[in-house]
Amino acid sequence: MIKAANISEILENTGLSTELRRIANKVINRERITPEEGLFLYENGEVGFLGSLANHVRQTLHGDITYFNRNFHIEPTNICVYDCKFCSYSRLLKQKDGAWELSTEDMMKIVRSYDGQPVTEVHIVGGVHPKMGIEFFGELIKQIKAHRPDLHVKGFTAVELHYMIRKAKMSYREGLQYLKDCGLDSIPGGGAEIFDAEIRKQICEDKCTSEEWLEIHQTAHELGIPSNVTMLYGHIESFAHRIDHMTRVRDLQDKTKGFNTFIPLKFRNHDNQMNNVPEVSVIEDMRNYAMARIFMDNVPHVKAYWPMIGRNSAQLSLNFGVDDIDGTIDDTTKIYSMAGAEEQNPSLTTEELTQLIAGAGRIAAERDTLYNIIRQYPMN
Ligand code: V47
Ligand code: SF4
C-alpha cells in the first residue's frame, strides 16, 4: 500500500483544485470530513480520485480482507399494507395475482432444507402482512432456534418491526426485547431508503418515518441487538440527500456503535411505479460506494449486494471501498429479481465467490454475521 505521506506528495502534483486536495488530505489522515466537504466531494470528485481515497480508507481498516458469509433468505410474504413507489415485489391484500404467504411449517421446511449445510445465518425479510403479527414471528424464531440453535437469525426491517410492534400495542423497547428473548440476533438494514422527509414522501409516503426508523435501530442497539443500514440511491434524490442520509447514520453510530454494515442499494426501475426514472451508471455506483466509505468513518463495513448490481460490478467495487460481498445465497430472494436486478437467479458457490474476490487481488474470508472470521481462502 502507498503510505499516506506519499499520497499527499502525489496529490501536490496533480491538477486537482486546492479544495479537493485539502479534503483529500483530511481523508488520508483519517480526519472526519464535514457534510459540506462530503457534498463537495460528491459534486466534484471524479471516479478514480474517489476510488483512491476510499481504497486508502478500506486498506487502513481491513487490508485486503474481503468478507462474505453463507446465508439463506426466507421471505414470509410479499403481501404488504404499504405502497412504496419503487417496490416491484409487494402485492396489496386484494391483489391475489403473484402473491404468496408462507405458513410457519412452510418456513421451517426451508430451514430444514439447509440441515447439514454450513450456513451460519438466516435472513428473514418480507412485506408487511396485517395478519403476521409479532407473536407469529416470535414463535417462528423460537422454532428455528429450537431446531438449529447456532443459526444466527437476522430478521425484519424497521418497517416491519414498526408495524408489528405498534399493532401489538407495545413500545419499541418492549417489542424488540420480546423478539430478542425469542432468539432474534440482529436486524437487517432495509427500509431506510432516503431519510429526507420530502423524498420519502414522494417514494414511500405511508411507511414508518425516518425518525421512527432511526429510533428502532437506536433502541435495538441499546438492547444489544446489532444492525445494518441501507440507502436506496439513484432515483429522484440529490447528492445532498445522500449526504444527509449518511450524516444521520454517522450521528447515530457515534452514540451507539451498533451498525455493522452500510449497504448502498441501487434503485432498479423494472416493473414498478417509478419505471420512468432512469437507472444510474456503473460509474455512479462506484462513486457512491467510495463516498460511503470515505464519509462514514465510524461504520466498520461497506457491503456490495451482488445479486443487485451483478458479480462484475461487485468485483469492481472492491477497489472503491467495499470490503464485504453478500453471502453465497440461492434464489430464495425475490425482491431484486422482480425489480430488474442483474442476477435473475442469484447463486454463487463458495468457490465462485472466493475466485471472484481473488480475481480482484483480495483475500476472501468467510465470516459470521458479526464479522468473526470462520476461514480464509486459500484455506489456512
Ligand atoms: O428496503 C426495494 C430495497 C430493501 C427496490 O441488512 C429496492 O444485510 C432497489 O434491506 N430497487 C430490502 N432496491 C432489502 C434489504 C437488504 C438487502 C441485502 C442485505 C441486507 C442486510 C438488507 O430493498 C428495501 C428497499 O430499499 N428495494 N425495491 C428496487 N426497485
Ligand atoms: Fe412493502 Fe417493503 Fe415493498 Fe415498501 S419496499 S411496499 S414496505 S415490501
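Only a predicted model underlies this, so the values are computations on that prediction, with no experimental measurement involved. First listed ligand is number 1; within each ligand, the first listed atom is number 1.
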Within-shell test, Leu232 vs ligand 1, heavy atom, strictly < 4.0 Å: yes

contact_flag His270 ligand 1 heavy-atom lt 4.0 Å: no

Atoms of ligand 1 close to Ile263 [distance to a heavy atom under 4.0 angstrom, numbered from 1]: 6 (O), 8 (O), 19 (C), 20 (C), 21 (C)

Residue pair Arg70, Glu366: steps toward the salt bridge (Lys or Arg N to Asp or Glu O under 4.0 Å) verdict: CA-CA 8 Å; Arg70 296 201 223 204; Glu366 183 185 347; 3.1 Å; yes

Which of the ligand 1 atoms, numbered from 1, are nearer than 4.0 Å to a heavy atom of Pro188: 6 (O)

Numbering as shown, the atoms of ligand 1 that approach Lys266 to under 4.0 Å (heavy-atom distance): 9 (C), 11 (N)

Any donor-acceptor pair under 3.5 Å from Lys180 side chain to Leu223 backbone: yes

Per-residue contact class, Cys84 against ligand 2 - non-hydrogen pairs under 4.0 Å: both

For Leu265, atoms of ligand 1 separated by under 4.0 Å from a heavy atom: 3 (C), 4 (C), 23 (O), 26 (O)

Check: Asn228 N/O within less than 3.5 Å of ligand 1 N/O: yes

Polar contact flag for Ala192 and ligand 1 (N/O pairs, less than 3.5 Å): no

More than 12 heavy atoms from other groups under 6.0 Å of CD on Glu43: yes

Of the listed options Met231, Glu193, Lys154, closest to atom 8 (O) of ligand 1 (non-hydrogen atoms): Lys154

Thr349 backbone acceptor or donor facing Glu352 side chain under 3.5 Å: yes

Contact check: Lys207 vs ligand 1, nitrogen or oxygen atoms, below 3.5 angstrom: no

Donor + acceptor pair across side chains of Arg293, Asn288 (<3.5 Å): no

Option of least heavy-atom distance to atom 6 (S) of ligand 2 (set: Ser90, Cys204, Ser88, Cys208): Ser90

Sub-4.0 Å atoms of ligand 2 with respect to non-hydrogen atoms of Lys207: 4 (Fe)

Any donor-acceptor pair under 3.5 Å from Asn78 side chain to Tyr89 backbone: yes

Close approach of Asn272 to ligand 1, heavy atoms, under 4.0 angstrom: yes

For Met308, atoms of ligand 1 separated by under 4.0 Å from a heavy atom: 9 (C), 11 (N), 13 (N)

Partner set under side chain to side chain donor-acceptor pair (under 3.5 Å) for Arg30, not counting sequence neighbours: none

Distance-only N or O hit between ligand 1 and Phe267, under 3.5 Å: no

Sub-3.5 Å N/O-N/O distance, Lys303 and ligand 1: yes

Pi-cation contact, Phe295 with Arg250 (under 6.0 Å, within 45°): yes

Any N/O pair Gly191/ligand 1 closer than 3.5 Å: yes

Any donor-acceptor N or O pair under 3.5 Å, side chains Ser88, Asp271: no

Any donor-acceptor N/O pair, Lys145 side chain to Leu151 backbone, under 3.5 Å: yes

Ligand 1-proximal atoms of Met274, by part, heavy-atom distance under 4.0 Å: neither

Exam field: side chain Thr157 to backbone Gly191, donor-acceptor pair closer than 3.5 Å: no

Sidechain-backbone polar pair: Arg311 side chain, Leu356 backbone, donor-acceptor under 3.5 Å: no

Lys NZ or Arg CZ of Arg242 over Phe239 ring: under 6.0 Å, within 45°: no

Per-atom contacts of ligand 2 with Phe86, taking only distances under 4.0 Å to non-hydrogen atoms: 5 (S)

Polar proximity ligand 1 side, Phe86 side, N/O cut 3.5 Å exclusive: yes

Metal site atom 3 (Fe) of ligand 2: N/O/S of Cys87 inside 2.8 Å: yes

Proximal ligand 2 atoms for Cys80, defined as those under 4.0 Å from one of its heavy atoms: 1 (Fe), 6 (S), 7 (S), 8 (S)

Backbone of Gly48 reached by a side-chain donor or acceptor of Glu46 within 3.5 Å: yes

Distance-only N or O hit between ligand 1 and Tyr305, under 3.5 Å: no

